[in-house]
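Hydrogens, waters and symmetry mates play no part in the numbers below; they use all other heavy atoms, side chains included.
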Amino acid sequence: MYMAKGAGKGRYQLFDAQMHDNMVGRSALKADLALAVEAGQLRLEYQPVADLRTGEVLGVEALVRWQHPTLGLLPPGEFIGLSEETGDIEAIGCWVLETAVRQLARWRATMEHCDSLWVAVNLSLYQLPNPHSLAAIKRILSDPAVQSENVVLEVTESALAADVDGGIASLNSLKVLGVRLAVDDFGTGFSSLSTLASLPVDILKIDRAFVSGHASGPRSVPVLDAILVLADKLSLAVIAEGIEEREQLDLLRRLGCSTGQGYFLARPAPAPVIEALMASGGLLDVTEPAGLKPL
């Protein structure tokens with residue numbers, strides 16, 4: 001029944017053994033997830049965001065992983081959705097934010113050239129309308145050591161489209177604290193231009209589907225160009241996601257996009273690897289694939 005409902009209305013689903021195994025595994029994962037934060041099983045990796053002209057690392061995006069005791073290291077796609085269903089996203093989201101901003105504070109305190117380095121953290125749709133979760137986020141950001149002006153909070157366009165009024169009100173309350181706000185995966189959420197004009201955001205993060213235009217159809221490049229023009233008209237910064245090939249980097253440069261991230265530049269890596277990169281000058285090679293690999 002749940003499989004049929006998940007696939008849409010007016011459908012049916014036949015039972016099979018694989019479905020049963022998936023349901024059992026999913027239930028077990030939910031039970032384990034409740035202990036993940038308390039047991040210290042979560043890990044953060046950071047992906048550099050760089051100036052596409054010079055290779056200078058401007059900021060990093062914090063990406064959570066779950067070191068499951070039996071399944072190994074799990075990417076966020078395998079457990080964040082579950083955490084939103086169970087309510088564990090509140091604890092996970094706060095852990096990610098607090099860990100990331102404390103790490104940034106340490107880098108800024110120990111390396112003089114990191115004064116302007118910023119960190120981006122993803123927020124879930126389920127955190128924004130939750131008063132308890134919103135209060136916890138504000139508590140973390142209100143700490144003077146955090147220097148909230150160097151924190152970017154990311155919310156997906158689809159999440160905002162699903163809860164426009166509540167999402168905007170919550171974002172406005174966070175904006176007061178001095179953080180910058182980014183719309184993640186921009187161009188995929190089908191929100192209207194009027195909604196974009198009303199959002200208190202500073203940054204548009206262009207979804208990788210438009211960056212890899214050759215894989216998404218002949219209209220992707222004109223749409224990418226239009227997004228860049230729109231952002232310029234609205235005085236919004238732009239970060240291109242998913243830069244994985246030299247040709248994509250060259251295209252973004254030609255179109256006037258100056259900031260981006262992706263495997264061609266640098267892969268996500270643990271804090272010590274990022275620290276070594278910043279200690280050596282904080283420059284990525286924008287002519288060849290970078291050697292920054294996860295441990």
ILVMFWY network linking [X] to [Y], side-chain heavy atoms under 4.5 angstrom:
{"X": "Val229", "Y": "Leu52", "answer": "no"}
{"X": "Leu283", "Y": "Met278", "answer": "no"}
{"X": "Val60", "Y": "Met111", "answer": "yes"}
{"X": "Leu284", "Y": "Leu63", "answer": "no"}

Check whether any side-chain heavy atom of [X] lies under 4.5 Å from a side-chain heavy atom of [Y], and answer yes or no.
{"X": "Arg108", "Y": "Asn150", "result": "yes"}
{"X": "Val211", "Y": "Ile243", "result": "yes"}
{"X": "Leu265", "Y": "Asp285", "result": "no"}

I need the [X] [atom1] to [Y] [atom2] distance, nearest 0.5 Å.
{"X": "Leu204", "Y": "Phe186", "atom1": "CG", "atom2": "CZ", "value": "5.0 Å"}
{"X": "Asp225", "Y": "Leu230", "atom1": "CG", "atom2": "CG", "value": "11.5 Å"}
{"X": "Leu199", "Y": "Leu234", "atom1": "CG", "atom2": "CG", "value": "10.5 Å"}
{"X": "Leu82", "Y": "Ile89", "atom1": "CG", "atom2": "CD1", "value": "10.5 Å"}
{"X": "Arg102", "Y": "Asp143", "atom1": "CZ", "atom2": "CG", "value": "6.5 Å"}
{"X": "Leu29", "Y": "Leu74", "atom1": "CG", "atom2": "CG", "value": "6.5 Å"}

Of all heavy-atom pairs between [X] and [Y], which one has the smallest distance, and what is that distance?
{"X": "Ser148", "Y": "Leu141", "result": "CB-O, 3.9 Å"}
{"X": "Val121", "Y": "Val96", "result": "CG1-CG1, 3.8 Å"}
{"X": "Pro270", "Y": "Glu45", "result": "N-CG, 4.1 Å"}
{"X": "Val286", "Y": "Phe264", "result": "O-CE2, 4.2 Å"}
{"X": "Ala100", "Y": "Val119", "result": "CB-CG2, 4.0 Å"}
{"X": "Val238", "Y": "Ala231", "result": "CG2-CB, 3.3 Å"}

Requested in this report: Considering only Ile, Leu, Val, Met, Phe, Trp and Tyr, and joining two whenever side-chain heavy atoms are under 4.5 Å apart, list the other residues clustered with Leu58.
Outcome: Val49, Trp118, Val152, Ile203, Ile239
Query raised in the report: Among Arg267, Gln47, Arg208, whose side chain to side chain donor-acceptor pair (under 3.5 Å) with Gln261 holds?
Result: Gln47
Report task. Could you walk me through whether Glu61 and Asn122 pass the side chain to side chain donor-acceptor pair (under 3.5 Å) test, one step at a time? Result -> CA-CA 8 Å; Glu61 180 179 1; Asn122 293 278; 3.0 Å; yes
Query raised in the report: Does CZ in Arg253 sit with more than 12 non-hydrogen atoms of other residues, nucleotides or ligands closer than 6.0 Å?
Result: yes
**Report entry** Pairs meeting criterion ring-ring contact (aromatic ring centres under 6.0 Å, His included) with involvement of residues 69-113, two or more places apart
**Finding:** Tyr46-Trp107, Trp66-Phe79
Requested in this report: Apply side-chain contact (heavy atoms from CB on, under 4.5 Å) to the pair Ile92 and Leu42, showing each step before the final yes or no.
Outcome: CA-CA 8 Å; Ile92 292 174; Leu42 297 183; 4.1 Å; yes
Query raised in the report: Does Arg139 have any side-chain contact (heavy atoms from CB on, under 4.5 Å) partners at least two apart in sequence or in another chain, and if so, which?
Result: Glu98
Query raised in the report: Is Ser173 reaching over with its side chain to a backbone N or O of Ser170, donor-acceptor style, under 3.5 angstrom?
Result: yes
Side-chain polar contacts of residues 126-137 - donor-acceptor pairs under 3.5 angstrom, sequence neighbours left out - could you list them?
{"unit_1": "Gln127", "atom_1": "OE1", "unit_2": "Ser124", "atom_2": "N", "d": "2.9"}
{"unit_1": "Asn130", "atom_1": "OD1", "unit_2": "His132", "atom_2": "N", "d": "2.9"}
{"unit_1": "Asn130", "atom_1": "OD1", "unit_2": "Ser133", "atom_2": "N", "d": "3.2"}
{"unit_1": "His132", "atom_1": "ND1", "unit_2": "Glu90", "atom_2": "OE2", "d": "2.1"}

Report task. Quick one: which residue pairs count as a side chain to side chain donor-acceptor pair (under 3.5 Å) with a foot in residues 229-242, not counting sequence neighbours? Result -> none
Query raised in the report: Tell me the side chain to side chain donor-acceptor pair (under 3.5 Å) pairs involving residues 48-58, sequence neighbours left out?
Result: Asp51-Arg53
Query - Leu104/Val146 under side-chain contact (heavy atoms from CB on, under 4.5 Å): CA gap, chis, key distance, verdict - result: CA-CA 8 Å; Leu104 179 67; Val146 169; over 6 Å; no
Query raised in the report: Would you call Arg254 and Asp250 a salt bridge, taking side-chain N to carboxylate O under 4.0 Å as the test?
Result: no
Requested in this report: May I ask you to decide whether Lys175 forms a salt bridge with Asp202, counting only side-chain N to carboxylate O separations under 4.0 Å?
Outcome: yes
Query - side-chain contact (heavy atoms from CB on, under 4.5 Å) assessment of Leu171 paired with Leu153 - result: CA-CA 9 Å; Leu171 290 178; Leu153 300 179; over 6 Å; no
